[in-house]
Amino acid sequence: MLNIDKELNTEQARAVRTTEGPVLILAGAGSGKTRTLIYRIAYLLEKGVRPWNIMALTFTNKAAREMKERVEAMMPDNASSIWISTFHSTCLKVMFQYAERLGYEKNFEIADTSDQKAIMKEVYKKLNLNNKMFPERRALNAISNAKDELKSPTDFARENDGDYSKEWLIKVYREYQASLLKNNSMDFDDLIMNTVSLFKTDPEVLSRYRERFRYLMVDEYQDTNTSQFELISLLAGEHKNLCVVGDDDQSIYRFRGANIYNILDFEKSFPSAAVIRLEENYRSTGNIIKAANAVIAHNTERKKKALWTGKEDGALIRFKMLESAAGEASYIAEDIRSRVSSGKSRYSDFAVLIRTNVQSKELEDAFRVRGIEYDLVKGLRFWDTKIIKDLTSYLLTVAGGANDMRTVRIINLPRRGIGQASVERALAYGAEKKLTLLECCGRASEIPGIPSKTAKAMQEFYDLIISLREDMKGGRLYEAVDRINEKTGYLETALAEAETNEKAEEMREYVNKLKETLDIYERETEEPDLLDFMRQNGLEGNALDKTGDGGNGDQVLIMTMHNAKGLEFPNVFLAGAEDGLFPGYATLNSEDPLAMEEERRLCYVAITRAEKELTITAARYRMINGETRYSEASRFLREIPIGLLDMKIEPGKGRTESRKTGHAREDSSWELAKKSFQAKPQAYSGTFRKRTLTTPAKKPDYEVGDRVRHFKFGEGVVTDIADGGRDYEVTVSFDSAGVKKMFAGFAKLKKL
DNA sequence: GGTTGGAAACTTTTT
DNA sequence: GTTTCCAACC
């Protein structure tokens with residue numbers, strides 16, 4: 001039995017009990033949003049609503065998974081038939097039923113980012129467009145935006161009729177869409193656009209879904225775009241039992257189509273809406289909340305809210321301006337190190353938030369030098385990695401998929417001597433005779449214009465695939481990965497071509513992960529099917545955990561502010577708080593006032609990640625795009641009331657004497673970092689800084705065959721010493737870290 | 001057909 | 001400064 005009033009605050013309880021009609025829950029940062037949603041679902045169930053009548057939509061698979069788990073924990077009996085999933089996988093399920101009505105075959109595939117690029121390349125070739133004048137990226141962006149706004153190629157053409165500068169885009173969009181259809185594929189945006197268009201054109205289908213989903217909930221509503229808004233509105237139908245949860249102040253995805261006016265104008269779209277504000281923050285100290293409030297108050301396009309906390313004020317917000325980016329990184333690293341060694345904190349209590357990914361490099365260096373455990377959260381997409389794309393292309397081709405795009409990818413991988421020209425001839429031949437590229441390979445000798453040597457290679461490729469197809473019959477899918485690698489030599493070649501050992505290791509890890517995922521899928525699915533597997537997983541961006549080791553280790557996390565959304569940490573560093581970086585130049589120069597507001601929201605998100613302590617740092621100069629740039633402290637910093645700030649500007653390092661003293665005056669910690677770290681060989685460059693680093697070439701005291709120790713890589717055997725002119729280049733085979741090449745002057749190898 | 005060097009890019013990211 | 005991509009070379 002739920003005890004809502006005991007477990008929730010008044011507003012949360014009201015949000016839970018308001019079940020009928022449209023509801024807007026404005027949930028400030030750290031206000032217990034997910035908790036409220038979970039209770040709301042539980043309450044609906046307790047009231048007797050059938051679980052299959054409830055639908056919750058999220059943006060990420062992670063959010064969907066978490067919500068599902070928490071609901072299950074609370075209501076174990078009937079949680080399983082509640083529909084909790086992402087927008088995209090919801091639409092995928094719909095499309096799986098009705099794709100044929102829109103002209104696709106039943107077994108359509110999903111074109112992910114790299115598929116999109118491949119298709120766009122083809123389109124450009126066909127239309128004879130040049131990537132310089134008409135960048136492919138821009139085309140894909142424009143198409144994605146059009147789809148977000150539910151504009152078909154025809155709509156787009158009509159709208160931009162007569163606009164000479166967009167003529168090429170009109171053609172590209174039309175051709176791109178035709179090409180997708182030809183490959184029987186939908187891209188991510190199509191999933192939603194097609195579902196909306198199905199609902200609009202087929203009232204019967206729509207009413208079926210409306211009938212089923214009587215209670216709708218949408219998480220992170222501030223991130224919805226127009227097509228998603230349309231989808232929700234259609235489903236909400238007449239009953240309009242639509243509950244959206246979000247925070248307009250945390251809308252930070254405008255660049256990918258999010259429309260903040262979906263949340264700002266919710267009451268206009270649904271005039272009878274109940275509006276509930278969750279303003280009590282359970283996460284941060286008073287000072288952090290005050291600072292966040294002060295910053296966000298500078299925005300105009302927002303719903304007035306006043307976040308408050310029952311917690312004490314806590315520490316002031318520290319601000320530290322350093323000379324250089326490296327100095328900033330050293331400061332952060334030293335601060336973390338000293339606080340961890342005092343025993344009061346662990347590494348995992350700290351997160352460093354950055355605006356752009358390039359900022360991570362200096363931080364990583366500073367952490368590595370000091371032996372601080374850290375993890376860089378990067379948005380690397382498992383399914384988008386080359387090795388996984390290649391292997392899944394093999395799998396699908398072997399499984400009998402008739403997608404030429406995938407065959408093109410692997411036809412000469414590893415090298416078989418099948419060139420681009422021959423592939424094009426085969427494709428043209430296939431188009432004429434209605435054959436797939438693979439089928440064409442099976443009769444390559446018939447195709448005009450293909451040299452006999454190449455034709456033979458194509459025939460061999462065909463035979464290879466067919467024999468693999470035989471092998472796969474009745475076998476387990478995950479075993480096919482090994483079989484493919486054995487017979488084609490793909491993995492072997494790829495590993496041999498890997499530039500570094502880390503990369504090779506990563507490849508192995510990825511292949512294993514693919515096998516593991518396939519294995520799990522096969523055991524959990526009644527009728528395992530590769531195409532179905534790919535569809536499911538194409539929507540799952542990160543099969544690998546975002547953090548390298550699963551996030552359980554005791555590590556400092558470095559991540560972008562975007563990636564930090566939804567997370568919280570006891571101690572947060574906000575690094576690079578300079579005008580020109582955060583907010584960035586593009587924003588500072590933008591004519592669009594909304595651009596600065598978005599950036600400010602990002603600042604709000606960053607500040608509100610901190611539970612106990614927030615440290616803002618900046619650097620007077622840093623290297624950006626190859627040039628040294630000097631900057632002032634971020635304007636966002638100046639929006640924080642001075643009384644909340646603890647400006648730790650050390651004597652002699654104040655703002656007043658910035659530029660004159662310049663480079664000479666560096667933090668001693670930076671000097672330390674500079675000297676001890678430069679393990680990897682670097683090309684000579686004539687800058688001042690580099691030259692001071694280069695120690696004169698001195699013959700090392702070890703020789704080939706000696707055992708040596710490296711401060712990071714551990715022990716190993718010297719396999720080669722080459723005179724590199726300015727320095728000796730030493731090759732060492734380490735026991736655990738693999739083979740590395742390094743300059744003797746930098747590496748400081750110790751003979752054992 | 002494969003290698004290599006030079007030019008251009010370069011916020012932020014999920015599905 | 002670094003990485004990525006394509007075009008001219010071998």
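First the proteins, then the strands, lettered A, B, ... as listed; each starts at 1.
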(Q) In this structure, how many angstroms lie between the C1' atom of dC10(B) and the CZ atom of R355(A), rounded? (A) 13 Å
Q | Closest-nucleotide ordering on DNA chain B, the 5'-leading residue of R416(A) and G584(A) | A | R416(A)
Q) Please give, in whole Å, the distance from dT15(B) P to K93(A) NZ? A) 15 Å
Q.
As a test of reading the structure: which of dT13(B), dT15(B), dT2(C) is closest to the side chain of K361(A), going by heavy atoms?
A. dT2(C)
Q. Hey, is F255(A) stacking on dT12(B)? Ring centres under 5.5 Å, planes under 30°.
A. yes
Q: Look at K33(A) together with D247(A) and state whether they make a salt bridge at an N to O cut-off of under 4.0 Å.
A: no
Q. Looking across every strand, which nucleic acid part, if any, lies under 4.0 Å from I418(A) by heavy atom: base, sugar-phosphate, or nothing?
A. sugar-phosphate
Q) From the list dT11(B), dT12(B), dT15(B), which nucleotide is the closest neighbour of the side chain of H562(A)? A) dT12(B)
Q | Interatomic distance, M559(A) CE vs dT11(B) P [rounded to whole Å] | A | 22 Å
Q: Would you please name every residue forming a ring pair (Phe, Tyr, Trp, His ring centres under 6.0 Å) with F188(A), sequence neighbours left out?
A: none
(Q) What's the closest nucleotide to the side chain of T560(A) if the choices are dT13(B), dT11(B), dT15(B)? (A) dT13(B)
**Q.** Whole-Å distance separating the CZ atom of R256(A) from the C1' atom of dT12(B)
**A.** 9 Å
Q: May I have the distance from M623(A) (atom CE) to dT2(C) (atom P), rounded to whole angstrom?
A: 8 Å
Q) Expressed in angstrom and rounded to an integer, what is the separation of N412(A) atom CG from dT3(B) atom C1'? A) 15 Å
Q: Describe the nucleic acid contact of Q116(A) in one word from base, sugar-phosphate, nothing, applying a heavy-atom distance below 4.0 Å.
A: nothing
Q: Please state the P separation for the pair dT4(C) and dT13(B) - nearest whole angstrom.
A: 16 Å
Q. Got a sec, which residues hit side chain to side chain contact (heavy atoms under 4.5 Å, CB included) with N145(A), two or more places apart in sequence or on another chain?
A. D148(A)
(Q) Given dT13(B), dT12(B), dT15(B), identify the nucleotide with an atom nearest to the side chain of Y253(A). (A) dT13(B)
Q) When the nearest nucleotide of DNA chain B is assigned to E598(A) and to F87(A) on a heavy-atom basis, which residue is associated with the more 5' position? A) E598(A)
Q | Partner set under side-chain hydrogen bond (donor to acceptor under 3.5 Å, both in side chains) for T493(A), not counting sequence neighbours | A | none
Q.
By nearest atom, which of the nucleotides dT13(B), dC10(B), dT11(B) is closest to the N625(A) side chain?
A. dC10(B)
(Q) Within 45 degrees of the ring normal and closer than 6.0 Å to the centroid, is that where the cationic atom of R601(A) sits relative to Y604(A)? (A) no
Q. Taking CG from L581(A) and P from dC10(B), how many angstroms apart are they, rounded to a whole number?
A. 17 Å
(Q) At 4.0 Å (heavy atoms only), tell me whether R137(A) reaches a base, stays on the sugar-phosphate, or touches nothing. (A) sugar-phosphate
Q: Not counting sequence neighbours, which residues clear salt bridge (charged side-chain N to carboxylate O under 4.0 Å, His left out) with R609(A)? List them please.
A: none
(Q) Taking 4.0 Å as the cut-off, does a side-chain nitrogen or oxygen of N563(A) come that near to OP1 or OP2 on dT12(B)? (A) no
Pairs of donor and acceptor atoms involving the side chains of residues 582-590 of chain A, under 3.5 Å and at least two apart or interchain, shall be tabulated with distances.
{"unit_1": "N589(A)", "atom_1": "ND2", "unit_2": "Y585(A)", "atom_2": "O", "d": "3.3"}
{"unit_1": "S590(A)", "atom_1": "OG", "unit_2": "D592(A)", "atom_2": "N", "d": "3.0"}

Q. Salt bridge between E597(A) and R600(A), side-chain N to carboxylate O under 4.0 Å?
A. no
Protein-nucleotides 4-10 of chain C N/O pairs closer than 3.5 Å?
none

(Q) How many whole angstroms separate atom NZ of K565(A) from atom P of dT12(B)? (A) 17 Å
